[in-house]
Amino acid sequence: MAKPAARTGSVAKKPASKKPSAPADENFALRSLQEELEKARRFDASDDQLLKFYEQMLLIRRFEERAGQLYGLGLIGGFCHLYIGQEAVAVGIQSALEEGKDSVITGYRDHGHMLAYGIDPKIIMAELTGREAGISHGKGGSMHMFSLEHAFYGGHGIVGAQVPLGAGLAFAHQYRGDGGVCVAYFGDGAANQGQVYETFNMASLWKLPIIFVIENNQYAMGTSVQRSSAETHFYRRGTAFRIPGLNVDGMDVLEVRQATEIALKHVRGGNGPVLMELKTYRYRGHSMSDPAKYRTREEVQDVREHNDAIERAKTDLLERGIPEDQLKDIDKRIRAEIAASADFAENSPEPAPAELYTDVLVESY
């Protein structure tokens, strides 16, 4: 076999391999929002603003406690998912929105979000008890509340379905050029659904004006996030779609408000969506029929004693010199308001049987 001809002359050097490099801001864009939050984690609220936050959170707490009682008395039928413990999330976020301009959509744990918008507790309680005076005329109940006036689009019973619907609302804001932003709330359980990631992809691709809010209350129905989720740092889940995340203490209303301000600035600037993870805790079971045996009483009590959102706001107010008697008066007034709401609901008529056939189909566009 003939040998291969020997190579002559100098051996040409291979060009130095060029490592692929990412644009300078490749990762910065994703980290920058968290870095901005780290500079100042708490919203610089005035005394009046903090008092308002405290009052709204207390209103939600007392409303939900009374709703639980009415459910026990058989005055609320069907499902009922209470928001007790998560009050700082709805109040902190929605206090930063422009009501009527921005839109909100959430899942079935929706009473708190409506109350945070200042919607009359009487008509929410009437809805819970299936009365004609309810916000959905008594036909929606706990899971299906809706208010076009407040751009509140529900209240959805299908887990995670509100996320793609929220992208649709955001697309409408973008299409109309009205400057609005959609806030789409969902839980840590819904965060594992495929439709959520399809929505992330489209929302980022089209730079939709939407804030995805994961209310991580630690338990997807009855399963802890450690048992159900491979990635428990939910704020990271948008990274693959170039959606910046914010890791937020959902038990501190001032931190929630501050993070929302940062997210809104990013989204209103035309930079596309933001993903916020709010670490929070629900004191009650998934629904009224859930005895919550998957966790200990000691665990719940520990959160109540050391990390309750309302107590934290109360401590802040007392440190500012707000008299404790003033806070007691607020609680007394809210208790009376909730009692009046329950009386109103119990004494309101049920919808007429013919109402079964209304609001079923959209008759015109």
Lys279 and Asn217 side chains, donor-acceptor separation under 3.5 Å: no
For Glu355 and Thr358, does a side-chain donor sit closer than 3.5 Å to a side-chain acceptor? yes
Mind telling me whether Phe171 and Trp206 have parallel, tilted or perpendicular rings, with 30° and 60° as the class edges? tilted
Say whether His113 and Gln94, considering side chains only, have a donor N or O and an acceptor N or O under 3.5 Å apart. no
Do the ring centers of Tyr219 and Tyr294 come within less than 6.0 Å of each other? yes
Parallel, tilted or perpendicular, as decided by the 30° and 60° cut-offs, for the rings of Phe186 and Phe200: tilted
Students often mix this up, so state it plainly: with edges at 30° and 60°, are the rings of Phe79 and His81 parallel, tilted or perpendicular? parallel
Short side-chain to backbone donor-acceptor contact, Lys207 and Pro273, under 3.5 Å: no
We want to know whether Tyr83 and Glu215 form a side-chain donor-acceptor pair, criterion being a heavy-atom distance below 3.5 angstrom. yes
Is it possible for you to check whether Arg304 lies under 6.0 Å from the centre of the six-membered ring of Tyr283, through NZ or CZ, and within 45° of that ring's axis? yes
Arg109 and Tyr185: side-chain donor and acceptor closer than 3.5 Å? no
Would you say Glu277's side chain and Tyr235's backbone share a donor-acceptor pair under 3.5 angstrom? yes
